[in-house]
Amino acid sequence: MSDIIRRDPRKAWIARNRLHPEHASVLAELGMGDAQPAQWMGPNGVMRKDPHRVGFIGPAGIKRIDRSGVQGAPGQVQARSTAAQDTRTAVLIAEPAFHIVVVPDMAGGRLSAHDRDLLGLARQMADKNASAQGAVVAIVFGELKEDSWGEAGIDRLLHLSDAALEGYSPEYRIAILSAAERELKPRYWLFPDSSLGGGDLGRRLSVRIGERAATQVWQVDLESETPRCTGRGAAGRKDITRDLPRVLLALAECGEPVSDTRHEAQAIQLQQPLPEQLVRIEDLGAVAVDPASVALSEAEFILSGGNGVRDWDGFHQAARVLGATEGASRVAVDDGFMARDRQVGATGTWVTARVYMAVGISGAIQHLQGIQSCDKVIAINMDPGCDMIKRADLAVIGDSGEILSELVKRVDGLKQENRDVA
Amino acid sequence: MLNIILPVLIFAALALAVVGAVRRISLWRQGRPSPVSLLAGLAAMPRRYLVDLHHVVGRDSYISNTHVATAGGFVAAAVLAILVHGLQLESRILAWALLAATTSMFVGALFVAKRRVNPPSRLSKGPWMRLPKSLMAFSLAFFLITLPAAGILPHGFGGWVLALLLVALVVWGLGEMFFGMTWGGPMKHAFAGALHLAWHRRAERFGGGRSTGLKPLNLDDPNATLGVEKPADFTWNQLLGFDACVQCGRCEAVCPAFAAGQPLNPKKLIQDMVVGLAGGSDAHYAGSPYPGKPVGEHQGDAHSPIVAREGKALVDAETLWSCTTCRACVEECPMMIEHVDAIVDMRRFLTLERGETPNKGAEVIDNLIATDNPGGFAPTARMNWAADLNLPVLAEVKRTDVLLWLGDGAFDMRNQRTLRAFVKVLRAAGINFAVLGNEERDSGDVARRLGDEATFQSLARRNIATLAKYSFRSIVTCDPHSFHVLKNEYGELGGEYVVHHHTTFIGKLHEDKKLNLRGWKGGKVTYHDPCYLGRYNGEYEAPRAVLRALGIEVAEMERSGFRSRCCGGGGGAPITDIPGKQRIPDMRMEDIRETGAELVAVGCPQCTAMLEGVVEPRPEIRDIAELVADALIEQADAVDATAKKPQVEEALA
Amino acid sequence: MLLSTPRSSADKTAIKVAVLLSVGSHPLTGRGRRAEQDARALEMALALPQADAQLIHAGRLNDESEPALRSYLGMGPQQMTLIQQPKQADVLPALEKHLRQLGPKLILCGSRAEAGEGSGLLPYLLAEKLGWPLISGLAAIESVDGSSATVLQALPRGQRRRLRVKLPALLTIDSAAPVARQSAFGPARRGQLAEVDAPVQMDTEQEGWEVQPARKRPKRLKIIKATSARDRFKAAAAKSEGSGGQVLKDITAAEGADAVLKLLMEEGVLRVSS
């Protein structure tokens, strides 16, 4: 760029014209806005506002001032966005009094919501005593995509990646965690009590270091004399409250994720080399599972067809392209379009999918009972009055065949794009 | 010459028949013991035959008359032939009587032959096609041979050619009628049938009685095989009953599972049991097969499992699980054979010993064990539907006139509407009633029909213990299945109650003028008889009376009353869910549509659920309680109306 | 005829599989029953063609536990070993002793008990004591030979991972494994419960615990980090999600597909990257 300052006569004119709708933004752009802010603290400690500099021209051409400052105050846009950037305070814990180790699941290479809750809990425990703050150490394995470690509340990050750590390698991981136990002597170990990952590793570690872990923990009471925790027992039917052990396997929402502070996430290394591992469990890799054949009760995304489906080939193709598990209403099963094990409903399978897409299903009571624990229901149906539409979070009235084929086109397009990018 | 040959032939045939009978009886005796009074049974047999059996046969007057002529003629002819030709009694009168008897038999045989010209598909073919000819051979032979004895023709008429011809006819006739009767020919039905009537397991069925409750299974002996694994595990009189089958196929014609193309044909099932009893394969069976299952692939014997764990034996499990226990076959059977008992006995083995209740069966049974209801709902949620109704609960009030038994419909959103409607009716009539609330359990109906007698008895005993804590006059329920079980099946476990179906109860309320109903304004209405109310308990009239009281003229379906077709919801059939070519409720809805009705009145939560499962557009389905509740002129309105009138008059004055 | 003939333990080709079984508890009524996951573990052992399944329960035999234990026998096996342990006992030493004597190649069990602490630690403790490898969350055993087993581990979304483990090993089964066969009343009643005495070590640590019926967990409140009163008010007064969905009428199929696609992307159920 050249260093010659060029003047835009139009902008200069707008900057002079206080009534021009773009006046404020141009002023800000030219760096003149700061000369006189829209509001400032007066000498008596009262906030003063320049009415010319706030507000916006309403639809009727009249100037409006929205006192909340949200809408259309062009002069303030910039100021607000800078403010949003810096609400988190950076925290440095150079000399931690103790360590709390969190071993997040890192599902898909990122911190999951469960991991963040756990880090929030760890943060709470580390910051309990302001005079002797602890450091939260996260130990993570393998190839990762996460980059907001500090924002999640991590002071120290021990990241190990090694070909042997890919896939299912609990024994190797435990060797690493045991080494960390020796070197860091953490006050607490925190694991997400998920079915694989933390739940497995945490139990292994607790057994290895001879500490009776508290499992299914959902509440930690740091205020009482000795810290106590409450976890579920007896398959969720009991609450067990006990003194906080060193190893904690906690459920989701055990703590509030960190949002106000930013931490250092300083990378650390293990000092001692790891002992040679005897591989007793060998990972032979993922098994290709056809989403259509996944058991309905396990499926996360179900495309379910009913009496209104005319084009079953199109339906099956849509399921394939969307990667959805196929389901069916009773009528579709009775009519022989779908197998009996695909029937959803009170008389078929009760499903727990995150997204349940009902195509041409009017929504008999029995069917609706079977999908009551689905998160999001999408209905595609010709009849706007049917019960499925009432249940659905998103309902599209129209020909299901056409809509599905349009959807397939779009998803195919997206896949193509992704392939091209890759 | 004939004078020598005939007695020899007759007594030889009789002797062979006796040998055959002994052999047949020994086959039946492979079965388990069953306490039946042999002599009293034999004494009651003629009446049971002439009255009860012919009451059923008489529903088809053609075959009824034919049977009277043929069978009556044959019995008389046989006795007389033994006297005239066997014992050579010289009596013109006897000879003339024999001529009359054979004539009657011959005429009957002609009608039998006519039925066989273009036989309906329900009739078995094979040896049964030969029977009219054999009947004719027998009657003709004895007619001709008797002519000389009656003095119409001279002795020795026609020479040896005719004599030889006659002897051949006599051999044929005697072979079929005497020898075949006990050695397994079509005439076996007469021999086995007569004894079956005499020693029937449900003697209460005769003389206008009714016996429909399943027999309890003795669970006391831990080493006994539970249910029927092999044909020999049936009681001996059940085996005898199977042998009595005439293969008329009336059961087949009314069986909803057969019509729906599910692999069940009650006639074939009974014939398979006969095959099992005697040993062999079903290749000789000459009737309609189980839909989708060719004949000739199954075989067995009295001491081999009926249902194989793998592969094929006598019967496939899905045949047994296709039955809806609607009892249409039992109702139609002229031989009073108990198909449903046999099916449930075999199911008991599959469930209690093998743990092979198909599809959702295992889950339902587990739910019943763990939560006392088939849906696996929290038992504490049984009363949730009535949270706003303030129903009096027996645990609090301790005594009441009428105990309202909710049934598992209390968990079903559709049936809750029916229950609310019925509560409204009870309140309008000012009935003092209460419910068991969360103390109620499933009646055990489904468990029992699925063969899980252990769970049934456990539920029943606990229900009986609960009921024993309180005092009430009668039980009313909207569920015919609970109704049947409480009324007919709890008795054997020590629970005797006065039980009413809600339609009966409403009928009584109406008779007692406790209900104020406005007239029907809707369209055409038909009524669907629930099996467990109708055929199981004979209540056909009360629901119709209630509908009449509402001003509804019922447009009857062709199959209604005791011939009502099942909705497909009984016997755990929706749970075991054996695929067929079409669905039973769809067929029933077709019956309903044929009447042109816009609304079908029902009295059973199962029927409601099954019929409402039919794809719309279809006639509306309403429980009778709902119709009555809608037609109620509320007492409050009436009181208001009467209260207001005097005021107006006062004002006028 | 009645029961499948048990493979005799003398059969050299048979692989001894110990199945650890506990008394379950129905989630709604709390009634004793076969524990869901343990039953699946037993199912897996029974379905394994060359396995000689040994049923083991450590606990008390009483009127409450007997029907539940017998319901495992209702699945076909004729015998269950019952290691007598009082309530509040730490069953680990007793189990370890018995298993060392038995010498199975595989130990199968559910991933956590339905009653008591239900921490799911026991299999891990046992594996640690025995020094065996442990695999959790098993969906199927594909094959077993003398020295190793090939198994499928259940991952979320019905996905599976194939693992090979050296024997002897301990495998825990969760709900992705095939459903247990029906328990039949007759065999359940006839099966033998062979009681075995074992050392008892009480679990004293539990004495310091408070055990209560599970409380409902508080629903997480959405914390609104709003800077102005208006934002906070708007957030508090906003309609909660899911109250009545969006209905798109009179639109083209393309628009409808767009709307559906948007929701699918938001929910992250669409995998277009592979």
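Here the structure is a predicted model, which is why all the values come from computation and not from measurement. Excluded from the calculations below are hydrogen atoms, water molecules and symmetry mates; all remaining heavy atoms, backbone and side chain alike, are included. Every chain is numbered from 1, with letters handed out A, B, ... down the list of sequences.
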Item to complete: Would you indicate whether C:Met202, at its atom CE, is surrounded by more than 12 heavy atoms from other residues, nucleotides or ligands within a distance under 6.0 Å?
Response: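 Counting neighbours around CE of C:Met202, more than 12 heavy atoms of other residues, nucleotides or ligands fall under 6.0 Å, so yes.
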
Practice prompt. Look at atom CD of C:Glu64 and say whether more than 12 heavy atoms of other residues, nucleotides or ligands are closer to it than 6.0 Å.
Written response: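 Atom CD in C:Glu64 is not packed in, count stays at 12 or less.
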
Please flag which part of [X] lies under 4.5 Å from any non-hydrogen atom of chain A: side chain, backbone, both or neither.
X	answer
C:Leu261	both
C:Ala176	both
C:Arg112	side chain
C:Leu152	side chain
C:Ala259	both
C:Glu36	neither
C:Thr150	side chain

Ignoring hydrogens and angles, tell me if any N or O in the side chain of [X] forms a donor-acceptor pair with the backbone of [Y] under 3.5 Å.
X	Y	result
A:Arg208	A:Arg204	no
C:Tyr72	C:Ala35	yes
C:Arg40	C:Ala177	yes
C:Asp38	C:Gly110	yes
A:Ser224	A:Thr226	yes

Worksheet item: Does the distance from a Lys or Arg side-chain N to an Asp or Glu carboxylate O, for A:Asp393 and A:Lys376, drop under 4.0 Å?
Response: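 Here A:Asp393 does not pair with A:Lys376 in a salt bridge, since their nearest N and O are not under 4.0 Å apart.
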
Name the region of [X], side chain, backbone, both or neither, that has any atom closer than 4.5 Å to a heavy atom of chain C.
X	answer
A:Ile378	side chain
A:Thr215	side chain
A:Ala252	backbone
A:Ser206	side chain
A:Val377	neither
A:Asp200	both
A:Ala299	neither

Practice prompt. Go through the steps for A:Asp243 and A:Arg228 under the test salt bridge (Lys or Arg N to Asp or Glu O under 4.0 Å), then give the verdict.
Written response: CA-CA 4 Å; A:Asp243 289 343; A:Arg228 287 173 76 81; 2.7 Å; yes

Got [X] and [Y] here, is their nearest side-chain heavy-atom distance under 4.5 Å?
X	Y	result
C:Leu138	C:Thr172	no
C:Leu248	A:Leu394	yes
C:Leu122	C:Leu92	yes
A:Leu322	A:Phe301	yes

Discussion item. Holding to salt bridge (charged side-chain N to carboxylate O under 4.0 Å, His left out), I want the full list of residues that pass it with C:Asp258, two or more places apart in sequence or in another chain.
Written reply: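 Checked C:Asp258 against salt bridge (charged side-chain N to carboxylate O under 4.0 Å, His left out); matches are A:Arg410.
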
Which residue out of [options] racks up the most heavy-atom pairs below 4.5 Å with chain C?
options	answer
A:Val396, A:Asp283, A:Val294	A:Asp283
A:Glu300, A:Arg203, A:Glu406	A:Arg203
A:Val408, A:Asp193, A:Ile403	A:Ile403
A:Glu253, A:Arg280, A:Gln216	A:Arg280
A:Val321, A:Leu404, A:Asp412, A:Val355	A:Val355
A:Lys409, A:Met357, A:Arg212, A:Lys238	A:Arg212

[X] and [Y]: side chain donor to acceptor below 3.5 Å:
X	Y	answer
A:Asp375	A:Tyr356	no
A:Asp239	A:Trp218	yes
A:Ser194	A:Asp105	yes

Worksheet item: For residues 130-154 of chain C, which residue pairs qualify under salt bridge (Lys or Arg N to Asp or Glu O under 4.0 Å), counting only residues two or more places apart or in two chains?
Response: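 Sorted result for residues 130-154 of chain C: C:Glu142-C:Arg162.
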
Item to complete: Could you go through the side chain to side chain contact (heavy atoms under 4.5 Å, CB included) check for A:Gln219 and A:Cys254 one step at a time?
Response: CA-CA 6 Å; A:Gln219 199 174 46; A:Cys254 54; over 6 Å; no

Practice prompt. Could you please state which residues from residues 21-33 of chain C sit under 4.5 angstrom from chain A, measuring non-hydrogen atom to non-hydrogen atom, sorted by number, or 'none'?
Written response: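 Under the 4.5 Å heavy-atom cut-off, C:Ser25, C:His26, C:Pro27, C:Thr29, C:Gly30 qualify.
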
Worksheet item: Which residues in residues 125-137 of chain C have a heavy atom less than 4.5 Å from any heavy atom of chain A?
Response: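 If one takes a 4.5 Å heavy-atom cut-off, the residues of residues 125-137 of chain C near chain A are C:Leu125, C:Glu128, C:Gly131, C:Trp132, C:Pro133, C:Leu134, C:Ile135, C:Ser136.
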
Discussion item. Which residue in the set C:Glu207, C:Glu205, C:Glu210 passes salt bridge (Lys or Arg N to Asp or Glu O under 4.0 Å) when paired with A:Arg242?
Written reply: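 Only one option passes, and that is C:Glu205.
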
Worksheet item: If you count heavy-atom pairs under 4.5 Å with chain A, which of C:Gly118, C:Gly120, C:Ser119 comes out on top?
Response: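 Answer, by heavy-atom pair count under 4.5 Å with chain A: C:Ser119.
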
Discussion item. Out of C:Lys166, C:Lys249, C:Gln206, C:Glu117, return the one with the most heavy atom pairs under 4.5 angstrom to chain A.
Written reply: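 The option with the most such pairs is C:Glu117.
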
